[in-house]
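Dropping a structure here in structure tokens format, bear with me for questions.
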Amino acid sequence: MAGVTLEKVTKRFGDVVAVKEATLEVPDQDFLVLVGPSGCGKTTTLRMVAGLEDITEGTVKIGDRVVNDLPPKDRDIAMVFQNYALYPHMNVFNNMGFGLKLRKISRDEVTKRVEEAARLLGIENLLNRKPAQLSGGQRQRVALGRAIVRQPQVFLMDEPLSNLDAKLRVQMRAELSKLHDRLKTTIIYVTHDQTEAMTMGDKIVVLNDGEIQQVASPLTLYNEPENLFVAGFIGSPAMNFLNATLRREGEEFKVDTGEFNLKLAPSLLDRRPEIKEYADQEVIMGIRPEDLGDAQVEREFQVGEENSFTAEVEVVEPLGSEISLYFRVGEKNAIARVDADSRARVGDRIKLACNTDKIHLFDKETEKAIK
Amino acid sequence: MIKGRQNKWAVLFVGPALFFTMAFLLYPTINTIGLSFMDRYSENFIGLQNFIYVFTSSTMLTAFRNNVLWLVVFTACTVGIGLLLAIFLDRVPYEKLAKTLIFMPMAISFVGAGVIWKFVYAYRPPMVDQLGILNQVVIWLGGEPIGWLIERPWVNNLALIVVGIWIWTGFCMVILSAAYRGIPNELIEAAKVDGATEWQKLRYIILPSMKPTILVVAVTMIVNVLKIFDIVYVMTNGQFGTEVIANRMYKEMFAFTNFGRASAIATVLFLLIIPVIFFNVKRMKEEEA
């Protein structure tokens, strides 16, 4: 059992900097998720921890050891690959036992470990099959089993669920979380799916363009994104971003989008005192669809003149438990997730309300959250 | 099964191909087998006498021995060297150049290759200037010139086999290289993470993954070598104990005009190849399953 530490880890491919000075502490037994869009450097970072990619600058420590120059087999890690990378000519038992066999572990011990892992994953009856005879979900479990029997200090997982169908993915997410609780081993998990990240991680690292944007718990990322990118990446549907000017009227602050004004809740100003310094400046206003409501039916927060506005509904998406309403503010498109009782229809000009305590403001130039 | 109206079209399209196959493949085969039981000019039926000759005459026995030698050495070397080249040339900077050079002999006809190597192996007595480069090198190293194509029983046969290897290794290498490149990178990485050394990667992952292709290449080489003719015909014409089955067949047919014997040898060659074909078909069926 060990934690992982990255200190200013950088990776260059020629002139391209894939990972810029990543610094990260993964406490022992944590489930850490690296999340970000394609090409953000998350897989490269994982591979540097694994030893499959050279580290251009910086140090990687597993436990107390600096592992920069150690080959993968000496780092005491196990990896689950996106495409499972099962050996096609070996049966499940041998696939799982291969790493142990190479380490000259006794046949009895290998059998014991493989059978134990197989039981844990529910694949005991598949031990004699070859990968070609397994379904996607089964192959994925074999890949997991292969990693588990190694009893490593750290598990590294590279988008292991991305090749599964949606239903299976949801199921496996829960199973992986349970597995983590049972195994009590550090897991570093890479995904591009923010839902996976939010549901599975103890801590999430959001990456973009090789740089770490924010490291925080799922809830913190959701409620307190540090910049525009994180705010727009976490949460589905994504946060709405509108251009606005901050106006001060005595003790009150309002955001003026050009089409309507919203008064910021006092509680927001208490939490984010810096907002006051942006009076009369242009800012980017962010509001999540779930913090907007149909004024007629909204129950979750108070609806009044100061936090409502009118807009024309362009698209209505009924989801059963709620309804997504698409509307425009100036040139920007926005989405509101409203109560299922809403009777808004396409073309209606309806009154929408905003939970102004949940407004996020971002500096227009730095794109950082105004705190 | 194709039914009704489609049947007519099927016959129309497949018909000509089927006809030619019958005419030029099936009929001659059956005819030859028939002729193998007849005498020299195909006048009288003589039963198994030709076959007795094939399996007991010393020339034929030498030919069988040589074909076995070819079978073992040629196949092992072309496939083995081709495999090694495919794997090791994959990482070097001059990979393309090396592979092109090694493959080039395939572009030369076997007869052309035979002529080239005849010069390479050429022998002149010690006091005279050497013509062949090999003997020149031997002299530079302080030895006496060797009759590469004359020394029996191993030197000359191996010298001929070397020519065959020179021609065909490139073919094996190219195909095996494609198979090697086809191994998913993730598989090698998984092996790395599992702790495999270079040798263990080769033994447990790379070679088993390439097994189907290695088999195909080996079978192709075996079929090639059972029929080997051009190299032997051009370089030694079977003299000095280098005779091979196909060359014998040619001689009996066109030099000695003994149709019966020639047909018998052809039939035996045909029978030798049949197990290889069965193996190939079986393997293809397994792969499809």
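Keep in mind the model is a prediction, meaning the values are calculated, not measured. Below, chains carry the letters A, B, ... as their sequence lines are ordered, and counting in each starts from 1.
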* Asked: Do Glu189(B) and Met79(A) have side chains that get closer than 4.5 Å, going by heavy atoms?
  ->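 A side-chain contact under 4.5 Å is absent here.
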* Interchain contact, Ala143(A) with chain B, by part (heavy-atom threshold 4.5 Å) ->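 No part of Ala143(A) comes within 4.5 Å of chain B.
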* Side chains of Glu186(B) and Tyr84(A): does their closest heavy-atom pair fall under 4.5 Å? ->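 The answer is no, as the side chains (C-beta and beyond) never meet within the 4.5 Å cut-off.
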* To do: Could you tell me whether Glu25(A) atom CD has more than 12 heavy atoms of other residues or ligands within 6.0 Å of it?
  =>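 No, CD of Glu25(A) has 12 or fewer neighbouring heavy atoms, counting only those of other groups under 6.0 Å.
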* Who wins among Leu187(B), Thr197(B), Ile188(B) for the most heavy-atom pairs under 4.5 Å with chain A? ->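 Most heavy-atom pairs under 4.5 Å with chain A: Leu187(B).
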* **Over 12 non-hydrogen atoms of neighbours within 6.0 angstrom of CG in Asp74(A)** =>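 Atom CG in Asp74(A) is packed in, count exceeds 12.
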* Quick check: does any side chain N or O of His89(A) sit under 3.5 Å from a backbone N or O of Tyr204(B), one acting as donor and the other as acceptor? ->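 Yes.
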* Asked: Is atom CG of Asp64(A) surrounded by more than 12 heavy atoms (other residues, nucleotides or ligands) closer than 6.0 Å?
  ->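 No, because the 6.0 Å sphere around CG of Asp64(A) holds 12 heavy atoms or fewer from other groups.
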* Crowded around Phe13(A) CZ? As in, over 12 foreign heavy atoms under 6.0 Å? ->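 More than 12 heavy atoms, drawn from other residues, nucleotides or ligands, come within 6.0 Å of this atom.
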* Asked: Is it the backbone or the side chain of Arg47(A) that comes under 4.5 Å from a heavy atom of chain B, or both, or neither?
  ->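 Just the side chain, heavy atoms under 4.5 Å.
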* To do: Using a cut-off of under 4.5 Å on heavy-atom pairs, state which of Ser209(B), Ala196(B), Ala191(B) scores highest against chain A.
  =>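 If we count pairs closer than 4.5 Å to chain A, Ala191(B) comes out on top.
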* Find out whether Lys73(A) and Val193(B) are in side-chain contact, i.e. whether some heavy atom of one side chain is under 4.5 Å from a heavy atom of the other. =>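 Counting from C-beta outward, Lys73(A) and Val193(B) never come under 4.5 Å.
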* Tell me, do Pro71(A) and Lys192(B) make a side-chain contact under 4.5 Å, heavy atoms counted? ->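 Pro71(A) does not reach Lys192(B) side chain to side chain.
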* Output yes when Asp194(B) and Arg150(A) qualify as a salt bridge under the 4.0 Å nitrogen-oxygen rule, no when they do not. =>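 Yes, Asp194(B) and Arg150(A) are salt-bridged.
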* To do: Could you go through the side-chain contact (heavy atoms from CB on, under 4.5 Å) check for Phe98(A) and Ile205(B) one step at a time?
  => CA-CA 11 Å; Phe98(A) 185 62; Ile205(B) 311 293; 4.0 Å; yes
* Could you look at Leu100(A) and say if it's the side chain, the backbone, both or neither that has a heavy atom under 4.5 Å from chain B? =>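 The answer is neither part of Leu100(A).
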